[in-house]
Enquirer: 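Got a structure for you, written out below as structure tokens; questions coming shortly.
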Amino acid sequence: MNASSALPTVFSGAQPTGQLTLGNYLGALRTWVRMQQEYACIFCVVDLHALTVRQDPAQLRENIFELTALYLACGIDPERSIIFLQSHVPAHSELAWLLATFTQMGELERMTQFKDKSQQHHQNINAGLFTYPVLMAADTLLYQTHRVPVGEDQKQHLELTRDVAIRFNGLYGPVFRVPEPLIGTDGVARVKDLQEPTKKMSKSAASELARIMLLDDADAVVKKFKKAVTDTLGVIRYDEVNQPGVANLLNIWCAATGHSREEALAHFDHNQYGKLKMETAEAVNTVLQPIRSRFMELNNDRGQLKQLLRQGAEQARAQADRTMHQVWQALGLPTSRT
Ligand code: TRP
């Protein structure tokens with residue numbers, strides 16, 4: 001359906017490196033689900049990107065299926081959108097090589113994610129970590145993508161994609177559509193760490209209490225919200241600077257219930273933090289419960305997940321091959337394929 005669709009194309013992906021947090025869901029996945037109405041969406045499990053840091057093979061395999069099941073459990077619909085595994089479509093690696101020859105070392109050296117990751121993984125600063133953004137450029141350019149939903153941390157990579165595409169088109173003619181960022185998460189504020197509420201909620205935070213994982217059970221969610229860090233002021237106001245913990249709880253309650261900030265403040269006026277914590281936990285459980293149960297079903301049927309990824313890869317390959325033909329032709333590479 002995607003290929004002939006008149007809708008503009010959106011491409012996005014996530015790495016299969018462990019479970020998603022509530023922040024990933026409210027900030028990204030939930031928006032992806034909604035975007036399916038307005039766009040022809042392509043959602044990729046970017047396993048090749050995950051290999052830029054050392055992975056345990058059995059764990060990686062498990063993570064790949066779990067992330068696929070989570071996409072579906074959250075509401076990504078394979079009838080509407082393409083869901084596939086990056087390594088199933090070899091064109092990603094092929095185009096990444098070709099695009100690397102149009103990307104300057106200096107451009108990659110400036111990438112803040114590379115600088116951060118090479119500090120984190122100082123014992124394994126491999127060339128893949130360095131060329132990571134080139135593979136990401138290949139991901140989106142292969143599908144003549146119109147829009148790429150990006151968070152703050154991926155903006156610089158999308159900028160690079162655009163620069164490389166414009167450079168290539170300048171030399172060879174309009175081979176690639178230059179993708180635009182799609183910013184906006186339905187006004188949802190970024191979900192913060194429950195223990196250090198000035199930081200974003202991250203799956204790598206030291207404390208388990210800091211983050212809500214999408215598959216946490218209901219009791220764990222309640223426990224984590226009960227232990228969430230607040231302050232000693234004892235009034236429920238929205239003040240990110242002086243009461244970041246309370247502001248975060250209010251934001252999460254709003255995102256989970258669909259209420260506005262004004263409605264939240266009116267609802268919790270003259271209440272204790274305990275009530276804010278409990279109601280936020282309940283609201284989050286209401287959102288996560290159906291995702292958890294759908295996930296359990298889907299994740300138990302590996303045969304079905306494999307079949308689905310196979311279909312997705314076929315659809316993706318058909319689109320990617322069209323772009324590869326144009327690229328080979330532009331560069332003067334005779335194709336051996338028909
Ligand atoms: N780099 C992205 C991240 O870590 C994942 C990603 C890979 C991606 N390829 C992409 C996101 C293409 C959007 C489009 O979050």
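Here, residue 1 is the first one in the sequence, and each next residue gets the next number. Because the structure is a prediction, the values reported are computed rather than measured. Counting starts at 1 for both ligands and their atoms, following the listed order.
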Enquirer: May I ask you to decide if Ser207's main-chain N or O and Gln195's side chain share a donor-acceptor pair within less than 3.5 Å?
Expert: no

Enquirer: Any chance the side chains of Tyr172 and Gln326 put a donor and an acceptor closer than 3.5 Å?
Expert: no

Enquirer: So which protein heavy atom does atom 9 (N) of ligand 1 come closest to, and at what separation?
Expert: Asp139 OD2, 2.7 Å

Enquirer: Find all atoms of ligand 1 within a distance of less than 4.0 Å from any non-hydrogen atom belonging to Gln15, and give their numbers and elements.
Expert: 4 (O)

Enquirer: Just to be sure I read this right, does ligand 1 sit under 4.0 Å from the backbone of Thr140, its side chain, both, or neither, counting only heavy atoms?
Expert: side chain

Enquirer: Short N/O distance, under 3.5 Å, between Tyr132 and ligand 1?
Expert: yes

Enquirer: Just wondering, do Thr230 and Lys277 contact through their side chains at under 4.5 Å, heavy atoms?
Expert: yes

Enquirer: Do any N or O atoms from the side chain of Gln156 and from the backbone of Thr112 form a donor-acceptor pair under 3.5 angstrom?
Expert: yes

Enquirer: Does the Tyr71 side chain pair with the main chain of Cys44, one donor and one acceptor, at a distance under 3.5 Å?
Expert: yes

Enquirer: Which one holds for His157 and ligand 1: side chain close, backbone close, both close, or neither close, with close meaning a heavy atom under 4.0 Å?
Expert: neither

Enquirer: Within the 4.0 Å heavy-atom shell around Val148, which atoms of ligand 1 are there?
Expert: 13 (C), 14 (C)

Enquirer: Atoms of ligand 1 less than 4.0 Å from Val46 heavy atoms?
Expert: 7 (C), 9 (N)

Enquirer: Would a distance-only check, ignoring hydrogens and angles, find a side-chain to backbone donor-acceptor pair under 3.5 Å from Asp216 to Val221?
Expert: no

Enquirer: Identify the protein heavy atom lying closest to atom 5 (C) of ligand 1, giving its residue, its atom name and the separation to 0.1 Å.
Expert: Gly13 O, 3.6 Å

Enquirer: Can a side-chain donor-acceptor contact be found between Asp139 and Gln86 if the only test is distance below 3.5 angstrom?
Expert: yes

Enquirer: Would you check whether Gln154 has a nitrogen or oxygen atom less than 3.5 angstrom from a nitrogen or oxygen atom of ligand 1?
Expert: yes

